[in-house]
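First the proteins, then the strands, lettered A, B, ... as listed; each starts at 1.
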Number of protein chains: 2
Amino acid sequence: MRIRLRIAYDGTEYVGFQSQTNGVAVQDVLNAALSDLFQREVRTLGASRTDTGVHAEGNVAVFDVDTRIEPSKIAFALNARLPEDIRIVGSDRVPDDFHPRFQNTVKTYEYRILNRAHADPLTRRTEIHYYYHLDENAMNAACSYLLGEHDFRAFCSAGFSSKTTVRTIYQASVTRTGDRLVFSITGSGFLYNMVRIIAGTLIEIGSGKYPPGRMEEILKSCDRKMAGPTAVARGLVLMEIRYPDYE
Amino acid sequence: MRIRLRIAYDGTEYVGFQSQTNGVAVQDVLNAALSDLFQREVRTLGASRTDTGVHAEGNVAVFDVDTRIEPSKIAFALNARLPEDIRIVGSDRVPDDFHPRFQNTVKTYEYRILNRAHADPLTRRTEIHYYYHLDENAMNAACSYLLGEHDFRAFCSAGFSSKTTVRTIYQASVTRTGDRLVFSITGSGFLYNMVRIIAGTLIEIGSGKYPPGRMEEILKSCDRKMAGPTAVARGLVLMEIRYPDYE
């Protein structure tokens, strides 16, 4: 049977979710824990690669297994075999043809910014520190241009190979709570570095370098050089992946 | 002149704030950074020792120095010399007779609990994970017995040497946000391990082992054996120390 795992991880020590040749990936550690649990080589298929240093509250991976362990209990058995910076936060059975990538998905990311004079050591691993005041209203206004179906080529790093650069954004907003800003975005999928480039652009807009309408100009240009810098990885968290066809 | 520092730190790697013989304390690292900045040996006087593994958003320390650096800029100069898990979040000048401990203080602590099936790797350093459901209403009801002036001897670990075990609690409450519970407590001072023993007792009450009125019985008993276990250090954060006489 096919088991789906929801995976949370502190990405600080990993080269991303997907196995690479240049370092330890979350998937390497996960596959080893699964192989230990089921006493045979188990390989997972992941939903989202995530870049080096990016975090997750709910990435998704599947694997096939014959076992008498109840699907929901697999999370507990795995957590006993995983390091503290990786946790399985849920496990369930899915249909045998369930593929974590090649179907309708709705992904939500957060990008977290501490906006005050000095950084906070308690949250330093999962947010960036930005000294100058950011205007969350301007950032929110800029977010509105992202909603709907657009060609997001301007927000895509080189090296991306996909049939199309068109994606649909269902929700995008910036919320301030005291000194903390959270940029939240939900969409049908994201190009390489897309959320981080949008975050970098929003910081330029929030700091007053450009007006909110800049976001629309960049989108229409389809030119990566128009957009802001790629914001650093530590502020990004993959929050959730939903599969509307299986709910 | 006397300079006051507000200090935030991730206590995971330290034996507490105050210098000890059994490991590296936050104060050791802070004194070294100050000595490097001012090119002479500088020694700080801290407000709260904090236990091994306990965190702070706003501990306080003072030191004396002759310098032309503007007091508020000292925080920036120090942060350039400190590791990422320690940040000075504010610096100002105080009167020469300002002592961080021997005067009126109002301290606020938080104890953070993740109450769900699986732990969260992104917040694992600053919260504990508790699997069984906790009833925040029962915990809040128990908190009400703590308010006011009481002898808190029952919530004090052995080895505490103070003239009196009477303290005044101004505020104590438990707030749930989704799966997260935060126990917040503000008082005139706290005995050794007092917040962690109260947190351990609140967890017993929240899990249904005892009713809220147990808190009053424990208080009146003045007997440490009546109270719950000392909750683990990683969940505790010293949020703020205020000095009403200097505001």
Chain B contact via A:Asn79 - side chain, backbone, both or neither, heavy atoms under 4.5 Å:
side chain
Thinking salt bridges, do A:Asp120 and B:Arg87 make one under a 4.0 Å N-O criterion?
no
Measuring from atom CE of A:Met239 to atom CG of B:Leu122, what distance do you get when rounded to the nearest 0.5 angstrom?
8.5 Å
Do you know which of A:Ile86, A:Ile88, A:Thr126 has the most heavy-atom pairs with chain B at a distance under 4.5 angstrom?
A:Ile88
Please say whether more than 12 non-hydrogen atoms of neighbouring residues, nucleotides or ligands are located less than 6.0 Å from CZ in A:Arg43.
no
Roughly how far apart are B:Leu78 CG and A:His118 NE2, rounded to 0.5 Å?
9.5 Å
Atom CG of B:Asp66 with >12 non-hydrogen neighbours under 6.0 angstrom:
no
B:Arg116 side chain reached by A:Val89 side chain, heavy atoms, under 4.5 Å:
yes
Flag if over 12 foreign heavy atoms under 6.0 Å of CZ, B:Arg176:
yes
Is the ring pair A:Phe76/B:Tyr131 parallel, tilted or perpendicular, if the boundaries are 30 and 60 degrees?
perpendicular
Which residue out of A:Val237, A:Asp85, A:Thr123 racks up the most heavy-atom pairs below 4.5 Å with chain B?
A:Asp85
Within the supplied structure, the quantity of interest is the number of heavy atoms (other residues, nucleotides, ligands) at a distance under 6.0 Å from B:Arg124 CZ; does it exceed 12?
yes
